[in-house]
Number of protein chains: 2
Amino acid sequence: MSTLSAPHDVRQHILDTARPILGRKGFSAVGLNEILGAAGVPKGSFYHYFASKEAFGEALLEQYFTTGLARIDAILSDSGGTAADRLMRYWQGWRDAQTGSDACGQCLAVKLGAEVCDLSEGMRAILADGTRRIVARLERGVTAGGDDGSLPRVDDPGHVAMVLYQLWLGATLLAKFTRDHRPFDEAMATTRTLLALPP
Amino acid sequence: MSTLSAPHDVRQHILDTARPILGRKGFSAVGLNEILGAAGVPKGSFYHYFASKEAFGEALLEQYFTTGLARIDAILSDSGGTAADRLMRYWQGWRDAQTGSDACGQCLAVKLGAEVCDLSEGMRAILADGTRRIVARLERGVTAGGDDGSLPRVDDPGHVAMVLYQLWLGATLLAKFTRDHRPFDEAMATTRTLLALPP
DNA sequence: AACCGATTAGACCAGTCGTCTAGAAGAAAA
DNA sequence: TTTTCTTCTAGACGACTGGTCTAATCGGTT
């Protein structure tokens, strides 16, 4: 528990501490005490920064998507290589993050999504909106590949983007069951197929 | 709440009552009280039939996969039409079950999988084994399509089967977020593409 | 009537979320 | 420097639920 200066550091510190815990144990199975104990923050402070556990969950998911979208933007827009390279770099990054043994890289959409989307309308809305925005980014990536010639033009880039995202969500879930990387390898191969890239 | 005769009817009755409840609210968020209250079974009886809540969850998942696999077998083996028809009938059945507003048709692998697989090694093993068996059935379906000419032969039917399953898992998760059927439509279209069937 | 396994009632306590009162910390004003 | 005022912290507390287990009851057979 390092020293904290600005007021919002505490709020952020709670979120940062909670993320790996929720990523490992889910939402309902974790109590506020566990989170606050790990963060070294008293319970009284929690309700100063968050209206409820649900509001806290919403903030956590919101931040998860915010940072995730920034990461996508960083990969898809400003790096070198063709648009196809950038797109594939995104999937490789996904695989690497999930394959790592640390629970820090957990995909919260997969880990928490199914659990909380029927529990809280607010969290469901954030999940729906966050995933929609991710797919929109991917769609732009596919379109960019058609523009610069690194990918063949497709009729409906939005369709391709959504299907690829579904495929990787499913791969992530299956990999959690089997605890191996094969689902990601299969997803990667099919991603290349659907994008008409050489294996 | 009907009259129960044989002893194991009570155990089964608890499982049957719990399934839609867990399908809606998840595992950790549901207490034994709620399940047993709904089933009309006293709390004391629970530990006569199950060693723990975790053992109960394992039994629930086991039964879920048992009935699910039987349903696949019924669709893929004994009905009429080509092998391709039978395979597509399976996906249509998946979509219909999830699209229906009743929580009864919930896919427990998606709803509970991510939540419980890090919570209980036993449940994780059942999820890994159950999904592996489903993919094995699908693989046989793809192979059968190559045999009877209704599908083109593929190099690795196991790969196609696993990827299709991942795609539909992801579609189910995404549909839970958006609460519409579009993810399933996209999955269906891509399924036809990957199987080289006409749209 | 005596026995015995199958079944249940309810106690048990650790834990849940959320509330509330007090006071500490920190900055701004006098 | 002292006062004032808001922001934040402290953690006990309440009302309740969690899963678990022991002790008693039930129901049928000898």
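A, B, ... follow the sequence lines: proteins, then strands. Residue 1 opens every chain.
Under the 4.5 Å side-chain criterion, counting only non-hydrogen atoms from C-beta, Trp94(A) is in contact with Tyr165(A). Side-chain atoms of Ile14(A) and Arg11(A), non-hydrogen and from C-beta on, never get closer than 4.5 Å to each other.
One can place CG of Leu36(B) at 14 Å from C1' of dG10(C), the figure rounded to the nearest angstrom. Remark: C1' of dG19(D) and CG of Leu119(B) are 13 Å apart, rounded to the nearest angstrom. The interatomic distance linking Asp9(A) (CG) with dC8(D) (C1') rounds to 13 Å, in whole Å.
Under the side chain to side chain contact (heavy atoms under 4.5 Å, CB included) criterion, Ala187(A) pairs with Leu167(A), Trp168(A), Ala171(A), Gln166(B), sequence neighbours left out.
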Stepwise side chain to side chain contact (heavy atoms under 4.5 Å, CB included) test for Arg124(B) and Arg179(A): CA-CA 9 Å; Arg124(B) 200 220 94 234; Arg179(A) 290 206 200 283; 3.4 Å; yes
Per-nucleotide protein contact string for nucleotides 12-20 of chain C (B base, S sugar-phosphate only, - none; heavy atom under 4.0 Å): ----SBBB-
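Side-chain N/O atoms of His48(A) include one lying less than 4.0 angstrom from OP1 or OP2 on dC8(D). Dashed line: the shortest gap from a side-chain N or O of Ser45(B) to OP1 or OP2 of dT7(C) is not under 4.0 Å.
For the side chain to side chain contact (heavy atoms under 4.5 Å, CB included) with Leu195(A), the lone residue among Val154(A), Thr190(A), Val160(A) that qualifies is Val160(A).
Sorted by first and then second residue, the side chain to side chain donor-acceptor pair (under 3.5 Å) pairs involving residues 134-146 of chain A (not counting sequence neighbours) are Asp73(A)-Arg137(A).
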